[in-house]
Student: 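Dumping the structure here so I can ask a few things about it.
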Amino acid sequence: MDVVLETKNLRKEYGSKGMTFIAVDDIDLKVYKGEFLGIMGPSGAGKTTLLNMLSTIDRPTSGEIYYEGNSILNMENKELSIFRRNNIGFIFQDFNLLDSMSIEDNMALPLALSKVDIREINEKIEDLSKFFGLKEHLKKYPYQLSGGQKQRVAAARALITSPSIVFADEPTGALDSKSSQELLQCLSQMNEEFNTTIIMVTHDAFAASYTKRILFIKDGKIHARIDKDSSRKEFFKRIIDFLGSMGGGVDEFF
Ligand SMILES: Nc1ncnc2c1ncn2[C@@H]1O[C@H](COP(=O)(O)OP(=O)(O)OP(=O)(O)O)[C@@H](O)[C@H]1O
């Protein structure tokens with residue numbers, strides 16, 4: 001399998017000399033093309049810090065990050081933002097849609113910024129709005145949509161550049177259970193049909209059961225991993241059992 005993303009001794013420290021706090025502690029990680037990887041762990045474990053470094057939002061204190069074998073940490077800020085725009089998609093807990101723009105303009109934004117031809121943009125909007133069940137909402141504005149619909153717009157926007165990886169930080173955190181389930185099914189389908197690599201941070205064992213592999217982070221380190229090897233229901237049960245078997249119990253993860 002092709003490795004899309006690799007880290008070596010990835011480390012993030014906060015604070016200054018004498019008073020440093022290690023949020024991510026020398027993590028070595030390989031993510032393969034077409035993976036749907038979940039990241040779980042107690043509050044403060046370093047999940048978001050790790051995700052922000054992997055997605056190039058934040059720079060590590062030390063270590064390396066390679067995308068398809070190329071180090072990204074030597075890139076200048078401008079080069080890095082072009083790289084980010086072309087290769088990475090984001091889905092955030094609070095959707096991050098622009099309220100003053102229609103749904104179709106929100107979806108088109110990453111391509112419009114890259115000055116892509118309008119016909120190509122329209123074709124992509126057509127395909128993605130069909131995939132995410134958003135066709136009848138394209139002319140509306142974010143305030144006219146439910147949370148679940150808004151998050152599907154955010155997912156469509158994340159996919160519009162055909163990125164090599166989509167990062168999702170607690171994408172179901174603000175959704176009710178029905179909308180969560182719909183979004184997770186979309187993410188899962190997007191992973192299966194387009195072979196999109198997805199890395200998702202979640203506290204929720206149900207959401208995590210839609211992934212194919214879970215890394216458990218504790219105190220800035222990879223504490224354990226579980227691979228999905230049977231049905232989603234079975235995987236869900238194993239996740240719950242694992243959380244229960246860890247010191248502190250399941251509650252520590254919520
Ligand atoms: N900018 C910062 N300055 C100082 N400390 C920080 C900063 N950002 C995060 N931290 C600390 O680093 C640790 C890891 O934070 P992080 O947000 O990555 O955890 P998390 O696992 O995502 O937690 P949660 O599940 O609560 O979102 C925490 O102890 C946090 O207080």
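Count residues from 1 along the sequence. A quick note: this is a predicted structure, and the numbers were derived from the prediction, not measured. Whatever order the structure lists them in is the order used to number ligands and atoms, beginning at 1.
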Student: Hey, are Lys212 and Asn191 close enough side-chain-wise for a donor-acceptor pair under 3.5 Å?
Tutor: yes
Student: I need the nearest protein heavy-atom contact for atom 28 (C) of ligand 1: residue, atom name and distance, please.
Tutor: Gly44 O, 3.8 Å
Student: Out of all atoms in ligand 1, which are within 4.0 Å of some heavy atom of Thr49? Include the element for each.
Tutor: 14 (C), 15 (O), 16 (P), 18 (O)
Student: At a 4.0 Å cut-off, with the gap strictly under it, does some heavy atom of Gly46 reach an atom of ligand 1?
Tutor: yes
Student: Could you tell me whether atom 31 (O) of ligand 1 has a protein heavy atom closer than 4.0 Å?
Tutor: no
Student: Run the salt bridge (charged side-chain N to carboxylate O under 4.0 Å, His left out) check on Lys221 and Asp25 step by step: do they pass?
Tutor: CA-CA 6 Å; Lys221 288 181 183 295; Asp25 193 356; 3.2 Å; yes
Student: Please determine whether side-chain contact (heavy atoms from CB on, under 4.5 Å) holds for the pair Arg152 and Glu182, giving the CA-CA distance in whole Å, both sets of side-chain angles, and the decisive distance to 0.1 Å.
Tutor: CA-CA 9 Å; Arg152 295 209 302 276; Glu182 280 170 12; 3.2 Å; yes
Student: Would you mind running through ligand 1 and noting each atom that sits below 4.0 Å from a heavy atom of His203?
Tutor: 25 (O)
Student: Can Lys228 and Glu234 be said to form a salt bridge (charged side-chain N to carboxylate O under 4.0 Å, His left out), step by step?
Tutor: CA-CA 8 Å; Lys228 181 179 181 181; Glu234 182 61 28; over 6 Å; no
Student: Would you mind checking if Asp229 and Arg238 are paired as a salt bridge, meaning a charged N to carboxylate O distance below 4.0 Å?
Tutor: yes
Student: Is the distance between the ring centroids of Tyr210 and Phe235 less than 6.0 Å?
Tutor: no
Student: Among Glu192, Glu193, Gln185, which residue satisfies the side-chain hydrogen bond (donor to acceptor under 3.5 Å, both in side chains) criterion with Gln189?
Tutor: Glu193
Student: Could you tell me whether the side chain of Thr161 reaches within less than 4.5 Å of the side chain of Ser114, counting heavy atoms only?
Tutor: no
Student: Using a 4.0 Å cut-off to any heavy atom of Lys47, which atoms of ligand 1 qualify?
Tutor: 18 (O), 19 (O), 20 (P), 21 (O), 22 (O), 23 (O), 24 (P), 25 (O)
Student: Nearest to atom 17 (O) of ligand 1, what protein heavy atom do you find, and at what distance?
Tutor: Thr48 CB, 3.9 Å
Student: Nearest protein heavy-atom contact for atom 3 (N) of ligand 1: which residue, which atom, what distance?
Tutor: Tyr14 CD2, 3.4 Å
Student: Quick check on contacts: which atoms of ligand 1 are under 4.0 angstrom from a heavy atom of Pro42?
Tutor: 21 (O)
Student: Is the shortest N/O to N/O distance between Phe21 and ligand 1 below 3.5 Å?
Tutor: no
Student: If you measure from atom 26 (O) of ligand 1 to every heavy atom of Ser43, Gly220, Ala45, which option wins on shortest distance?
Tutor: Ser43
Student: Is the shortest N/O to N/O distance between Leu50 and ligand 1 below 3.5 Å?
Tutor: no
